[in-house]
Amino acid sequence: MSSTAGLVIPCNAAVAWEAGKPLVIQQVQVAPPQAMEVRIKVKYTSLCHTDLYFWEAKGQTPLFPRIFGHEASGIVESVGEGVTGLEVGDHVLPVFTGECGDCAHCKSEESNMCDLLRINTERGVMLSDGKSRFSINGTPINHFIGTSTFSEYTVVHSGCLAKINPSAPLDKVCVLSCGISTGLGATLNVAKPKKGSSVAIFGLGAVGLAAAEGARIAGASRIIGVDFNPGRFEQAKKFGVTEFVNPKDYDRPVQEVIAEMTNGGVDRSVECTGNINAMISAFECVHDGWGVAVLVGVPSKEAVFMTKPINVLNERTLKGTFFGNYKPKTDLPSVVDMYMNKKLELDKFITHRVPFSEINKAFELMVKGEGLRCIISMED
């Protein structure tokens, strides 16, 4: 048992008090974990677009004050009642979705969308008692998607923690707890391209490049990157992308351009932007007879997907995915091992590093669209 088990831990956290305003690093009190919860010491965290989106409070009900952060790595400090499979000192990745192990989704080999622990962006409290584990002078501070990793210590449901190889470098594998695994799994687990096949990736941000990395690992011979920003093309070559298409360069739909390039269409496509037109293009650019398109990007709630039914009848398949179809506790340890075995290359995703005291710089970089992942070291 750790010396702090059962005690309230005072520590620094980056608190968002208002939408779009710089985070304030200040001392918070972190309560002990309750039933089925785990308190972890966060070692490294990184910034993902989901943090940025909810910090800006665009298109959803704002919830402040709040501690954001969900891509991270840490070490178990203490465990609550009923927790099994995790103990003090374990190295873990907290994940915004979970695996209770008991619901129909968890028992299905085909789903990772746990009924109990599925992402909930509007909840700012823990499930067990409806209360926050964070406070400042008695005032509760809201949690964010069950993780809140912009704090030196955080409390997470045990079903949202993946226990990983203790020899894995925490300052690198932290990026696997959200975006990179989402893109990687979309290709490897859902699109499943065969060796020598052709794959189109729509959107060359971090998630799209992770999808490209998956195509590279799978042995695809042609990986076509589609993006409006030509500045992303050079960087994408590091992730296996062999050809580039900028839809702005053509006066006809990009799906027609890709079909012409590939003698009828690509074998697989992965859409990572959430733009409804890109989604339609991603589906219509796959080859009839065997083509599979996978949607990863999240569209607006009002968006409507429209295509001619003949495109489906001609044996094209459209699939969706959530977190790359990875079950967090069951599958993430093997993704970490894929990195440790040098099959998956993570270093190229990490473009910036800042100490925790400069966390707002990570937000500035993302707002400007600079870099892929910025690692925030909690102890610097």
Side-chain angles (χ1 to χ4, degrees), residues 97 104-105 108-113 118 179 181-204 207-227 239-243 245 247 252-301 303-327 331 335:
T97 185
H105 285 278
S108 166
E109 292 181 2
E110 299 179 54
S111 176
N112 66 340
M113 300 183 72
R118 192 181 306 186
S181 294
T182 296
L184 183 75
T187 303
L188 293 178
N189 299 336
V190 188
K192 298 180 180 176
K194 295 175 182 172
K195 190 175 175 64
S197 61
S198 57
V199 181
I201 308 290
F202 286 74
L204 297 176
V207 175
L209 292 175
E213 176 75 357
R216 181 193 69 77
I217 291 169
S221 60
R222 295 181 74 181
I223 305 174
I224 302 168
V226 184
D227 202 293
F239 299 83
V241 175
T242 56
E243 300 156 73
V245 174
R252 63 190 193 277
V254 71
Q255 53 266 49
E256 293 180 14
V257 175
I258 293 171
E260 193 175 285
M261 289 170 63
T262 55
N263 193 27
V266 288
D267 301 310
R268 302 288 187 267
S269 71
V270 185
E271 198 291 318
C272 302
T273 71
N275 177 284
I276 192 63
N277 294 319
M279 291 179 160
I280 294 167
S281 297
F283 176 60
E284 294 183 354
C285 81
V286 299
H287 207 289
D288 59 2
W290 61 78
V292 177
V294 179
L295 305 185
V296 181
V298 181
S300 67
K301 289 179 180 175
V304 177
F305 186 98
M306 296 180 70
T307 191
K308 292 176 180 174
I310 193 69
N311 291 327
V312 182
L313 290 169
N314 284 343
E315 299 181 4
R316 292 179 181 88
T317 301
L318 180 65
K319 292 185 172 186
T321 179
F322 171 69
F323 191 51
N325 278 40
Y326 286 119
K327 290 179 184 278
D331 298 330
V335 182

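Computed from heavy atoms alone, side chains included, the values below leave out hydrogens, waters and symmetry copies.
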Suppose the criterion is side chain to side chain donor-acceptor pair (under 3.5 Å): which pairs have a residue in residues 207-216, not counting sequence neighbours?
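Side chain to side chain donor-acceptor pair (under 3.5 Å) check on residues 207-216 returns Glu213-Arg216, Glu213-Lys348.
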If I take atom OG1 from residue Thr97 and atom NZ from residue Lys327, how far apart are they, to the nearest 0.5 angstrom?
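Output value for this atom pair is 10.5 Å.
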Euclidean distance, Ile276 CD1 relative to Met306 CE, rounded to 0.5 Å
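Rounded to the nearest 0.5 Å, the CE-CD1 separation comes out at 10.0 Å.
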Any side-chain to backbone donor/acceptor pair from [X] onto [Y]? Under 3.5 Å, distance only.
{"X": "Asp288", "Y": "Glu315", "answer": "no"}
{"X": "Arg316", "Y": "Val286", "answer": "yes"}
{"X": "Ser197", "Y": "Ala220", "answer": "no"}
{"X": "Ser281", "Y": "Gln255", "answer": "no"}
{"X": "Glu260", "Y": "Asn263", "answer": "no"}
{"X": "Asn112", "Y": "Phe322", "answer": "yes"}
{"X": "Asp227", "Y": "Leu204", "answer": "yes"}

Residue list, salt bridge (Lys or Arg N to Asp or Glu O under 4.0 Å) with Glu256, at least two apart or on another chain:
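Salt bridge (Lys or Arg N to Asp or Glu O under 4.0 Å) list for Glu256, sorted by chain: empty.
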Minimum side-chain heavy-atom gap [X]-[Y] below 4.5 Å:
{"X": "Lys319", "Y": "Lys192", "result": "no"}
{"X": "Val257", "Y": "Arg252", "result": "yes"}
{"X": "Asp331", "Y": "Asn189", "result": "no"}
{"X": "Val226", "Y": "Ile258", "result": "yes"}
{"X": "Leu295", "Y": "Leu318", "result": "yes"}
{"X": "Leu184", "Y": "Ile217", "result": "yes"}
{"X": "Asn275", "Y": "Phe202", "result": "no"}
{"X": "Val312", "Y": "Phe283", "result": "yes"}

Which atom pair, heavy atoms only, marks the closest approach of [X] to [Y]?
{"X": "Ala278", "Y": "Glu271", "value": "CB-OE2, 3.5 Å"}
{"X": "Val241", "Y": "Ala212", "value": "CG2-CB, 3.8 Å"}
{"X": "Ser269", "Y": "Cys285", "value": "CB-SG, 4.1 Å"}
{"X": "Glu243", "Y": "Met261", "value": "OE1-CE, 3.4 Å"}
{"X": "Thr187", "Y": "Ala211", "value": "OG1-O, 2.8 Å"}
{"X": "Ala186", "Y": "Thr321", "value": "CB-CG2, 3.9 Å"}

What verdict does the side chain to side chain contact (heavy atoms under 4.5 Å, CB included) test give for Phe239 and Ile201, after you've listed the backbone C-alpha separation in whole Å, the side-chain angles of each residue and the deciding distance to 0.1 Å?
CA-CA 11 Å; Phe239 299 83; Ile201 308 290; over 6 Å; no
Run the side chain to side chain contact (heavy atoms under 4.5 Å, CB included) test on Thr262 and His287 for me, step by step, so that the C-alpha distance in whole Å, both residues' side-chain angles and the decisive distance to 0.1 Å come before the verdict.
CA-CA 9 Å; Thr262 55; His287 207 289; over 6 Å; no
Under the criterion side-chain contact (heavy atoms from CB on, under 4.5 Å), which of Asp267, Val266, Thr317 is the partner of Val292?
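Exactly one option meets the side-chain contact (heavy atoms from CB on, under 4.5 Å) with Val292, and it is Thr317.
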